Amino acid sequence: MESSFNSYQSLKKWKEEQIINYRYDASALNEFHDLIMKAVISIALERLKIERSPSWKFAWFTMGSGGRMEQGFLSDQDHGLVFEPGEAEAEAYFLQLGEEISRGMHAAGYPYCEGNVMSSNPLWCKSLSEWKSQIQAWMQEESLQTIRNLHIFYDSRVLAGQEEYIGELKSSIHMNIQKSPHLLTRMMETSMHIKKSVGPFGQLLTEEKGSHRGELDLKYAAFIPYVNAVRILAVKEGILETSTIARMGKLKKMNGYDEEMGKYKSNFAALLKWRLQSYRQTDTYDDTHYIQLKSLSKSERNELKNILKDGKKLHQFVIRAIEKGAG
């Protein structure tokens with residue numbers, strides 16, 4: 001399929017025609033996104049071959065919801081590049097490749113990342129040795145931004161090139177965590193925030209103003225709290241899987257997590273299903289994160305309420321697990 005497209009525009013047209021077929025299957029939808037992103041990379045590499053055809057090894061990786069295989073119908077860009085250390089001109093080439101892929105992704109219907117987490121940014125496009133030094137520096141600095149970068153990077157998943165490069169970098173994170181367990185506490189402090197969504201009388205709290213008035217912010221009230229909490233446990237236990245569901249599956253098999261994880265895993269699967277089913281035709285990425293409560297039945301509202309309450313319990317469970325380890 002990848003070779004059948006010679007332009008990003010034709011790829012976008014095909015994507016828009018096909019994507020609605022994946023309305024009821026989050027897993028198939030994410031495989032479809034992978035197919036599109038791989039096609040973008042293929043076109044980008046072909047375009048750069050006109051100027052030069054280097055043999056340097058590299059890994060192009062996706063992060064964010066793409067890295068976790070949790071993309072909805074609309075998704076922005078989060079990606080990076082790591083390449084084999086060597087000639088100085090490699091850096092210039094891979095930055096050029098990163099820029100071409102970012103442009104191609106945008107042309108294919110993936111908005112640019114507002115935080116500039118893209119392989120066109122030198123921060124996210126480095127040789128393997130430079131990446132190791134950067135990760136080390138992030139963990140030593142422990143600032144809000146560098147710890148946030150660690151969170152982002154830990155969801156990385158290779159779509160083209162050498163998978164072992166990312167494995168090496170994640171191993172360096174695990175080794176640093178073992179030496180400095182307080183880093184897990186720092187990761188927890190910088191990410192464990194839940195948007196209040198259930199009131200004191202058990203009522204669901206929706207947006208009070210703006211274009212999403214009367215709607216629930218599914219991303220910050222539910223998705224992100226589950227994702228962040230489970231990621232911290234994945235880092236703690238050295239789990240390399242990137243999807244939240246797969247991470248919970250691995251944790252469920254570990255002593256101390258088995259009772260908790262089954263419930264949270266089914267909750268998160270329900271969230272993924274709801275996001276797809278509540279999708280409305282829209283050109284705005286942010287719009288996809290809100291759910292209209294009037295579209296839910298009474299039993300669905302109760303289920304959502306329980307999922308949101310469980311999100312809080314999951315955070316409390318993670319806090320206890322990290323504090324116990326740090327002690």
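Here the structure is a predicted model, which means the values were calculated and not measured.
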Quiz item: Same cluster or not: are Met261 and Ile245 linked, directly or through other Ile, Leu, Val, Met, Phe, Trp or Tyr residues, by side-chain heavy atoms under 4.5 angstrom apart?
Solution: yes
Self-check item: Spacing of CD1 belonging to Ile36 relative to NZ belonging to Lys38, to within rounding of 0.5 Å
Solution: 12.0 Å
Quiz item: Charged N to carboxylate O below 4.0 Å: is that the case for Glu323 and Arg320?
Solution: no
Quiz item: Measuring from Lys236:NZ to Ile239:CD1, what's the distance to the nearest 0.5 Å?
Solution: 10.0 Å
Quiz item: Taking the side chain from Asn121 and the backbone from Val117, do they hold a donor-acceptor pair closer than 3.5 Å?
Solution: no
Self-check item: Option among Arg247, Arg148, Lys170 that satisfies the salt bridge (charged side-chain N to carboxylate O under 4.0 Å, His left out) test with Asp155
Solution: Arg247
Quiz item: When the aromatic ring centroids of Tyr154 and His174 are compared, is their separation below 6.0 Å?
Solution: yes
Quiz item: OG/Ser266 to CE/Met248 distance, rounded to the nearest 0.5 angstrom?
Solution: 8.5 Å
Self-check item: Charged N-O contact under 4.0 Å between Arg47 and Glu100
Solution: yes
Quiz item: Using a distance-only test with no angle check, is there a side-chain donor-acceptor pair under 3.5 angstrom linking Tyr112 and Asp76?
Solution: no
Quiz item: Is a side-chain donor-acceptor pair under 3.5 Å present for Ser127 with Glu130?
Solution: yes
Quiz item: Salt-bridged, Lys132 to Glu168, with N to O below 4.0 Å?
Solution: yes
Quiz item: Should Ser129 and Lys126 count as side-chain neighbours, where that means a heavy-atom distance under 4.5 Å?
Solution: no
Practice problem: Enter the distance from Ile319:CD1 to Thr185:OG1 here, rounded to the nearest 0.5 Å. | Solution: 10.5 Å
Practice problem: Spell out, as yes or no, whether a donor-acceptor pair under 3.5 Å connects the side chain of Glu142 to the backbone of Leu183. | Solution: no
Self-check item: Salt-bridge contact Asp34-Arg157 (side-chain N to carboxylate O under 4.0 Å)
Solution: yes
Self-check item: For Leu205 against Gly199, the heavy-atom pair lying closest together
Solution: CG-N, 3.7 Å
Practice problem: First locate atom CD of Gln134, then atom CE of Met139, and finally report the distance between them rounded to the nearest 0.5 Å. | Solution: 13.0 Å
Quiz prompt | Expected output: side-chain Ser75 to main-chain Gln71 donor-acceptor under 3.5 Å | solution = no
Quiz item: Taking 4.0 angstrom as the limit, do Lys195 and Glu207 come out as a salt bridge?
Solution: yes
Practice problem: Check step by step if side chain to side chain contact (heavy atoms under 4.5 Å, CB included) holds for Glu260 and Leu251. | Solution: CA-CA 9 Å; Glu260 297 284 333; Leu251 287 164; over 6 Å; no
Quiz item: Just by distance, do the side chain of Asn21 and the backbone of Gln18 share a donor-acceptor pair under 3.5 Å?
Solution: yes
Quiz item: Can you check whether Phe153 and Trp131 have ring centres sitting under 6.0 Å from each other?
Solution: yes
Quiz item: Is Asp258 paired with Lys253 through a side-chain N to carboxylate O contact shorter than 4.0 Å?
Solution: no
Quiz prompt | Qualifying residue, where the test is ring pair (Phe, Tyr, Trp, His ring centres under 6.0 Å) with Phe58 and the options are Tyr93, Phe83, Phe94 | solution = Phe94
Quiz item: Going by distance alone, is a donor N or O of one side chain under 3.5 Å from an acceptor N or O of the other, for Gln145 and Ser143?
Solution: no
Self-check item: Trace of the side chain to side chain contact (heavy atoms under 4.5 Å, CB included) decision for Phe61 with His79
Solution: CA-CA 6 Å; Phe61 54 93; His79 49 82; 5.9 Å; no
Quiz item: So, for Trp14 and Phe32, is the gap between ring centers shorter than 6.0 Å?
Solution: yes
Quiz item: Any link between Ile19 and Leu159 through a network of hydrophobic side chains (Ile, Leu, Val, Met, Phe, Trp, Tyr) touching at under 4.5 Å?
Solution: yes
Exercise. Check whether more than 12 heavy atoms from other residues, nucleotides or ligands sit under 6.0 Å from atom NZ of Lys312, and answer yes or no.
Key: no
Exercise. Check whether any side-chain N or O of Tyr226 sits under 3.5 Å from a backbone N or O of Ile307 as a donor-acceptor pair, and report yes or no.
Key: yes
Exercise. Taking atom types as modelled, find out whether Tyr257 and Glu237 have a side-chain donor-acceptor pair closer than 3.5 angstrom.
Key: yes
Practice problem: Find the distance between OG1 (Thr62) and CD1 (Ile101) and round it off to the nearest 0.5 Å. | Solution: 11.0 Å
Self-check item: Check: Thr190 side chain, Met187 main-chain N or O, donor-acceptor pair, under 3.5 Å
Solution: yes
Quiz item: With no hydrogens and no angle check, do the side chains of Thr244 and Glu70 hold a donor and an acceptor under 3.5 Å apart?
Solution: yes
Quiz prompt | Between Tyr110 and His33, ring centroids under 6.0 Å | solution = yes
Quiz item: Do other residues, nucleotides or ligands put more than 12 heavy atoms under 6.0 Å from the NZ atom of Lys305?
Solution: yes
